[in-house]
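Counting convention: from 1, in listed order, for ligands and their atoms alike.
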Amino acid sequence: MAIERTFSIIKPDATKRNLTGKIISKFEDAGLRIVASKRIQMTKAQAEGFYAVHKERPFYGDLCSFMTSGPVVVQVLEGEDGIAKNREVMGATNPADAAAGTIRAEFAESIEANSVHGSDAPETAAEEIKFFFTDDELVG
Ligand code: CMP
């Protein structure tokens, strides 16, 4: 195992319900460090570009609308085995399948409004971090 960085989004369903702090606590309690963080209103172009990999999926349009429906918090998390650790803390994409104690089990409203996004592999983590952050915004 190694120290890894991963990309995270706290989604509009969670920022609307004032759950940002509770979700960040879950990351920190698991040993992940927030090395970059900003609260932004995602543009339609950003949402469409970020989720371009899902362009052909039936949920793509709704997903892009949802991601621009309110503020999000984009973050870079760092820790031992950080990509897998973050996925463990988030729980399964569909909250109905998420393990007890995970962010999605506790907070998600639906498979779309599932409170958080996290990178699934080192390559996607690097791409997703670059999509929202410049190197000098990663402050450690
Ligand atoms: P996320 O990890 O951000 O990656 C893609 C997102 O698409 C996913 O979380 C969900 O919010 C959303 N989504 C909506 N419907 C589905 C679906 N049927 N399967 C997978 N993801 C979905």
**Study point:** Single-linkage hydrophobic cluster, 4.5 Å side-chain cutoff, I111 and I9 together
**Key:** no

Nearest non-hydrogen protein atom to atom 10 (C) of ligand 1, with distance, is I111 O, 3.1 Å

| message | So, 4.0 Å and heavy atoms of R104: is ligand 1 close enough to count as a contact? | response | yes

(message) Could you check whether any heavy atom of M90 sits closer than 4.0 Å to an atom of ligand 1, since that is the contact criterion I want to use?
(response) no

Counting from 1 in the order shown, the ligand 1 atoms closer than 4.0 Å to a non-hydrogen atom of L63 are 6 (C), 7 (O), 11 (O), 12 (C)

Please set out all donor-acceptor pairs under 3.5 angstrom arising from side-chain atoms of residues 39-52, sequence neighbours excluded.
| residue | atom | partner | partner atom | Å |
| --- | --- | --- | --- | --- |
| Q41 | NE2 | T68 | O | 2.9 |
| T43 | OG1 | Q46 | N | 3.0 |
| T43 | OG1 | Q46 | OE1 | 3.4 |
| K44 | NZ | E48 | OE2 | 3.0 |
| Q46 | OE1 | T43 | N | 3.0 |

query = Under 3.5 Å, side chain of E4 to main-chain N/O of I83, donor-acceptor pair present?
reply = yes

Atom 9 (O) of ligand 1 has as its nearest protein heavy atom K11 NZ, 3.1 Å

When rounded to the nearest 0.5 Å, the distance separating CD of E112 from OG1 of T93 is 13.0 Å

With a 4.0 Å cut-off on heavy atoms, is Y51 touching ligand 1? yes

Review point. Would you say ligand 1 has an N or O under 3.5 Å from any N or O of H117?
Key: yes

Review point. Is there a donor-acceptor pair closer than 3.5 Å between any side-chain N or O of K11 and the backbone N or O of F66?
Key: no

So the atoms of ligand 1 within less than 4.0 Å of a heavy atom of E112 turn out to be 11 (O), 14 (C)

Practice item. Determine whether more than 12 heavy atoms belonging to other residues, nucleotides or ligands lie under 6.0 Å from atom CZ of R17. Key: yes

Judged by heavy atoms only, the candidate from Y60, F66, F59 nearest atom 15 (N) of ligand 1 is F59

Would one find more than 12 heavy atoms of other residues, nucleotides or ligands at under 6.0 Å from atom NZ of K130? no

